[in-house]
Structures are given as C-alpha cells and as structure tokens.
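Okay, structure first, notes after.
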Number of protein chains: 2
Amino acid sequence: MKQIAQCVGVSVSTVSLVLNGRDGGRVKPQIAQRVREAADEMGYQPNALARSLRTSRTHIVGFISVEVATTPYAGGMIQGAQDALSALGYVLLTVNGDDAQAVDAEVGALRRYGVDGFLYSAMSNRVVDVPKSLTRFPLVLVDATDADGRFPSIEPDEFRIGYDATTRLIDAGCRRIAYVGCAEPMVAQTGRFEGYRQALVDHGMDVDERLRRDVLNNGPALRAVEGLFDAERPDGFFCFNDARAWYVYEAAARRGLTIGGDVSVVGVDNHRVFAETLEPQLTTIELPHYEMGYWAANRLVARIEGRAINESAWPRTTAVMPLLDTPSPAKVHCTLIEKSSVRASR
Amino acid sequence: MKQIAQCVGVSVSTVSLVLNGRDGGRVKPQIAQRVREAADEMGYQPNALARSLRTSRTHIVGFISVEVATTPYAGGMIQGAQDALSALGYVLLTVNGDDAQAVDAEVGALRRYGVDGFLYSAMSNRVVDVPKSLTRFPLVLVDATDADGRFPSIEPDEFRIGYDATTRLIDAGCRRIAYVGCAEPMVAQTGRFEGYRQALVDHGMDVDERLRRDVLNNGPALRAVEGLFDAERPDGFFCFNDARAWYVYEAAARRGLTIGGDVSVVGVDNHRVFAETLEPQLTTIELPHYEMGYWAANRLVARIEGRAINESAWPRTTAVMPLLDTPSPAKVHCTLIEKSSVRASR
DNA sequence: TTGAAAGCGCTAACAG
DNA sequence: CTGTTAGCGCTTTCAA
C-alpha cells in the first residue's frame with residue numbers, strides 16, 4: 001500500500017479507501033482509478049493478517065466435525081460450506097473432533113487465530129452436546145440437533161424422508177413394506193421411522209412391528225435381514241442408510257430375487273460403491289450434504305455480519321421420484337429444514 | 001500481555017520472553033514464574049494474528065485436495081495431517097481444488113492469510129501438474145507424483161502392494177490369479193500391476209494377459225468381470241480398489257461361489273460398507289491415508305522450519321497377512337515411500 | 001477531497 | 001537481567 005501510495009502520489013489512507021470500495025464521493029474518481037491501476041500493475045495482495053489485526057474480524061470460519069475421518073460424506077458438506085464461504089470472502093478451517101478433549105484443544109487454536117464463527121456437524125443427524133468453548137461464538141449446527149435449541153441448525157427433513165420413501169414404495173404397488181433401521185438412537189432414525197409409519201397410516205395400511213428391523217452391522221445384521229426376508233416376505237424395503245441397503249441387496253441376491261423386479265428398495269445415501277456398481281437398480285434419497293454445508297455457511301455469515309439471509313434462495317423442493325420398477329436410476333434430493341434458535345428468530 | 005506486565009510489575013517484553021520460553025538466563029526465574037502464573041490466572045491467549053504479523057510466520061498450512069468431495073478417504077489423510085500439525089503447533093486450512101481455476105482462487109486466498117506451506121494431494125496416486133501458484137511455497141505432495149520430480153512426495157509403495165497381494169494369493173494356493181484393474185492410467189495402477197506381474201514371475205508362474213481386466217464401472221464393468229469368471233475360471237483375484245472388488249463379490253455371489261472358500265480375493269482399500277458387511281471374508285490392503293497425511297505434514301513442517309526430520313520414526317513395516325482361507329478379517333497396512341525432491345536430498 | 005497520526009497485539013534489536 | 005523503542009500492514013478517526 002505504501003508503494004502504491006508513493007507511486008500514485010497520494011497517502012496510504014486514500015489507497016485504503018479506494019481499495020476497500022469506500023470511495024464514494026470521498027476520493028476523486030480520477031485518482032481512485034489511478035490507484036486501482038497501480039494496485040493491479042504491482043499485483044497488490046492485501047495482507048489479511050494486518051487487516052484482521054486492525055478490524056478484529058478474520059473472515060475465517062471453523063468447521064468442527066465429529067467423524068470426518070470415518071464418513072464418506074464429510075467431503076460434500078465441507079465442500080458446500082467452502083463454496084459458500086469462498087463467495088462471501090471467507091475461508092474455512094476444518095477441525096476434527098472425535099473426542100471432546102481434541103475439540104477443546106482445536107477450538108483453542110482456532111480462537112487464537114480469531115475465527116469469526118463455527119459450524120458444528122455430526123455427520124448423521126443426532127442430538128449433540130455443543131462444547132462449552134463454542135457457545136460464545138456465532139455458531140450454526142449442520143446435520144445435528146441441539147438438545148436445548150439454543151443454536152440454529154440446518155437439518156434434513158427426516159420425517160419427510162421416511163414419508164416420501166414409503167409413499168413411493170406404496171405407489172409402486174408394495175403391500176408389505178419393511179423398515180430396516182439402525183439400532184442406535186438418533187434423530188434421523190426417529191424421524192424417518194415416524195415418516196414411514198405416517199405414510200402407511202395415511203394410505204390405510206397396517207403398521208406391522210414385525211416388518212421393522214433395527215440392526216447394527218456385519219454378520220448379525222445380515223442374518224437379521226435374512227430372517228426378515230424369510231419370515232415376513234416383504235415386497236418393499238425402506239433402508240435407513242447405505243449399509244442397511246446392502247444387507248437387503250445381499251439377502252435378495254442369495255434368494256435369487258431381483259431389486260426392482262421381485263422387490264422394491266428405497267435407501268438413503270447409497271454412496272459411491274453403490275453408485276458405481278448397482279446404479280441401474282437404485283432408488284436413493286440423497287441427503288443434500290453439499291447443500292447443508294452451503295446453507296449453514298450462509299446462515300453463519302449472515303449471523304456474523306448481522307444481516308438477514310435471502311430466504312427465497314432456500315432450497316425446499318423435492319424432485320419427483322421416478323418409478324421404482326423401471327430400471328432407471330433415481331436420486332431424490334431431500335428437503336432441508338432450518339431450526340432457528342430463539343435468539344435468531346427474535 | 002500489557003495487563004500481565006502491569007500486574008506483575010514488569011515490561012511487556014519480559015512477558016513476551018517468558019511466554020515464548022525464551023527466558024534462558026535472561027529473566028530471573030522468580031519473575032518468570034510470576035509471569036506464567038499471572039498469564040494462567042488471567043486466562044491469557046496469545047493473539048496469533050499479531051504474532052504472525054510480526055514474525056511473518058502464520059503456522060497455518062494449506063491442504064489442497066482434488067476430489068475431497070467425492071472420495072471417502074480424504075478424511076483419513078486430512079486427519080493425519082491435522083494431528084501431526086496440531087502437535088507441532090500448526091493448523092490446517094483445507095481447500096478443495098476440483099478445477100484449476102478454483103485452486104488458483106483458493107490459493108490466492110490462502111496466500112493472503114500468509115500460509116507457511118502447502119500439502120497437495122490427488123487421492124489416488126497419479127501424476128499431477130502442480131499449479132504454478134504453489135511452486136514458490138514449501139510444498140509436499142501426498143498420494144501423488146510430480147511429473148518433474150521437483151517436489152518431495154509421500155506415496156504408497158504401489159509395486160509392493162501388487163507384489164504382496166499376489167504373493168499372498170499364491171501362498172494361499174491360487175494358481176490362476178486375475179488382476180481386476182482400472183481403465184484409467186494412473187501411477188497406482190501401473191505400479192500395482194507391475195508388482196502383480198513380478199510376483200508371478202518370481203514364483204515361476206505364467207503371466208496370462210487374459211487374466212487381466214481393466215474396467216470402468218457399473219454394468220459394463222460387472223459384465224466384464226462376469227466374463228472373466230466364466231471364460232478363465234480364476235481361483236484368485238487381486239482387485240485394484242473397492243469398486244473392483246465389489247464386482248468380484250457380486251459375480252461370485254451370482255455363481256454360488258464363496259469368497260475365502262471357492263475363490264480368494266485381495267482388494268485394496270475396501271471401505272466402510274465392506275467393512276460393515278463383508279468383514280469376515282475380507283482381505284484388504286489398506287492404504288495408509290492417515291499415515292500419509294501425518295508424515296507429509298511432518299515433512300512439510302521440517303521443510304518450513306528448515307530442520308531435519310526423524311527418519312527412524314518413518315513407518316516402513318508391512319504387517320503379516322493372515323491366511324486368506326481362514327475366515328478372519330485381514331487388514332494390511334502398506335508401506336510408504338518418500339520421494340525427496342532434488343533440492344531436499346541435497 | 002485528502003493526509004497525518006494513532007494503534008490493533010506482538011516481537012526483537014538495542015540500551016541500560 | 002529488564003525496559004525502551006520501533007515497527008509488522010492495515011484501518012480509521014480527526015483535522016486540514
């Protein structure tokens with residue numbers, strides 16, 4: 001800046017004004033122009049550090065994620081956040097928080113760098129305990145629910161996922177629709193099962209507890225699903241996630257049943273391996289990880305900068321689900337919901 | 001710091017010295033102690049920004065990754081880098097670079113924040129073109145190869161992966177060992193196939209081109225693998241990655257063949273879905289993503305700080321591979337190799 | 001419409 | 001052994 005000032009023959013303050021777009025009737029347009037040209041020519045890059053030191057705003061956002069290392073979806077969410085932030089002139093500092101201690105340590109580090117706010121994500125919608133060290137910052141939860149509702153969050157509409165998936169199976173002519181879920185309690189699980197149940201009820205169908213299996217993994221899970229096949233002979237399956245869907249695929253394969261022919265399956269988030277291998281048989285409800293990251297980041301920055309967000313840009317649409325029984329791949333983006341904290345909605 | 005100085009009755013410089021551990025025979029131990037106590041009491045957190053502004057060292061490292069969003073392994077690598085850096089007092093700024101333009105934009109952002117160096121990764125060992133904007137920084141490649149060998153890199157020993165996997169299949173009694181690879185050219189692919197070939201030669205077995213199938217994905221890939229089964233009747237398979245392994249599993253299932261019984265399979269990086277479902281049948285060579293991130297980060301910091309790295313801590317061991325035909329899960333960490341740039345090795 | 005000057009929180013050379 | 005002083009590069013009153 002000093003160089004530019006010297007070169008153009010003005011003072012540093014003038015340069016600062018111009019380069020920050022704060023020259024509105026304050027600097028002669030001619031001079032402003034010359035400043036801009038000089039800056040360009042000299043390849044001026046502002047020093048973000050110095051600026052932050054002065055303004056005490058870093059334009060850095062921290063992303064705290066439990067299980068980054070173990071889930072394949074973290075990437076999409078992070079990418080979404082990054083794209084949104086990048087457009088807003090922010091950058092993302094990602095940090096893993098597999099144990100509480102690590103989180104505190106990392107949060108400490110980020111605080112030292114003066115991050116402006118945090119995104120906190122659990123990678124599978126569940127009730128989380130937000131670390132106390134975070135509560136003093138602007139904070140938005142992604143794919144996670146705050147027990148006390150103190151923080152705004154971006155979550156998939158779990159109920160609707162279950163409802164839509166089940167409705168689709170009913171429309172495809174399924175009459176005995178099984179629910180293959182997860183044995184761990186989660187918001188996602190509760191919501192999706194409720195949606196499943198409600199869809200059955202709304203279509204005048206029985207909710208039969210025997211058609212529900214909550215399984216963990218590996219052999220026992222596979223055997224449970226095989227038991228479900230043999231005992232109940234379902235003609236449709238709603239699977240909580242990719243791993244659960246796999247047990248259904250495997251059990252069906254072992255029985256010579258084809259997906260999309262003998263039985264119908266809707267799964268949530270069947271990921272890369274499935275996409276590369278089973279695509280033609282797949283009907284997937286795809287969790288909008290990218291979008292969650294994107295909108296959470298937008299929301300956070302709005303909060304940091306104390307301005308409102310453009311609600312009309314909010315993605316609420318659900319794509320039409322193609323027929324299960326046709327061999328066309330089907331990806332359905334699910335709806336997002338936003339929970340604002342009390343403070344936010346005031 | 002001012003407050004601490006005031007409170008203890010010394011000057012800010014003294015506080016600075018003490019808090020940076022630079023008080024060796026320069027500050028009276030008594031005073032140093034009092035300073036530390038005061039700092040603790042007041043919950044002093046150094047302002048990293050101010051420090052960086054002064055020292056022009058930020059202790060921030062940028063991680064540029066192609067395909068973060070689409071690969072499930074990014075997490076492990078990032079986690080490894082983060083853990084290593086965290087221990088060294090650094091933090092990681094992750095940035096995605098799916099297209100070159102995006103990379104340049106993000107690199108620009110990181111430069112403005114004054115990052116000290118970069119990690120650059122491709123997520124599947126291949127020759128990469130390092131963006132010019134990066135070449136002026138300390139830089140280490142992870143799971144990627146530099147065409148011109150100008151930069152140090154951390155890569156899996158691809159040849160050895162292929163060699164070990166194939167040897168294991170031979171030891172298990174396989175006589176017709178197929179290679180199921182990827183139709184895109186990659187360092188990983190070349191190296192692993194060479195290892196496969198060499199292992200066969202070293203054991204006096206024929207290398208039969210008909211036993212090799214390079215496939216892409218989805219239906220055509222599955223059909224190619226089914227063709228391989230039917231035409232060649234292999235009794236062992238070395239699979240380039242998880243997706244390829246899946247075609248083998250599926251084709252075997254359709255023929256009523258069991259893995260570990262009728263045929264043997266060694267795959268690379270069979271990930272979460274497999275681990276949760278097929279575990280008992282799996283023999284996996286697990287790419288050490290975490291370790292790659294970890295050691296690349298260490299290497300980078302050594303370079304940034306101009307010091308040597310402790311080579312003895314370098315992970316070079318390969319675990320013993322359990323028998324294929326026993327139904328015990330097997331994960332084998334592969335060896336890493338490091339390629340130092342000319343400059344580094346000088 | 002512009003410039004001078006102060007200061008964000010810290011480090012480091014130098015003087016005492 | 002400790003304090004004084006001068007900035008790092010930028011923003012922002014305030015005065016001209």
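In what follows, chains carry the letters A, B, and so on, assigned in the order in which the sequence lines appear, proteins first and then strands, with residues in each chain numbered from 1.
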Which nucleotide, dG3(D), dT2(C), dT11(C), lies nearest any side-chain atom of Thr14(A)? dT2(C)
Side-chain contact check for Leu53(B): nearest option of dC8(D), dT12(D), dG3(D) is dC8(D)
Duplex segments of DNA chain D, taken as runs of at least three Watson-Crick or G-U pairs that stay under 3.5 Å: C:1-16 with D:1-16
If you go through the side-chain atoms of Ser13(A), does one of them form a donor-acceptor pair with the base of dA4(C) closer than 3.5 Å? yes
If you only use heavy atoms from C-beta on, which nucleotide in dA12(C), dT1(C), dC1(D) is closest to the side chain of Thr55(B)? dA12(C)
Residues Arg111(B) and Asp104(B) bridged, charged N to O under 4.0 Å: no
Report yes if some heavy atom in the side chain of Val15(B) is under 4.5 Å from a heavy atom in the side chain of Val8(B); otherwise report no. no
Donor-acceptor contact below 3.5 Å, side chain Asp146(B) vs main chain Arg150(B): yes
For DNA chain C, what residues of residues 41-50 of chain A have any heavy atom nearer than 4.0 Å? none
For Gly114(B), which contact category applies under a 4.0 Å heavy-atom criterion: base, sugar-phosphate, or nothing? nothing
Most 5' of Arg22(A) and Lys2(A) on DNA chain D, judged by nearest nucleotide: Lys2(A)
Quick one: which of dC1(D), dA12(C), dT4(D) gets closest to the side chain of Lys28(B)? dC1(D)
Does dT1(C) have OP1 or OP2 sitting under 4.0 Å from an N or O in the side chain of Arg26(A)? no
Report yes if a side-chain nitrogen or oxygen of Ser16(B) is closer than 4.0 Å to either non-bridging phosphate oxygen (OP1 or OP2) of dT11(C); otherwise report no. yes
Side chains of Leu119(B) and Leu300(B), heavy atoms from C-beta outward: is any pair under 4.5 Å? yes
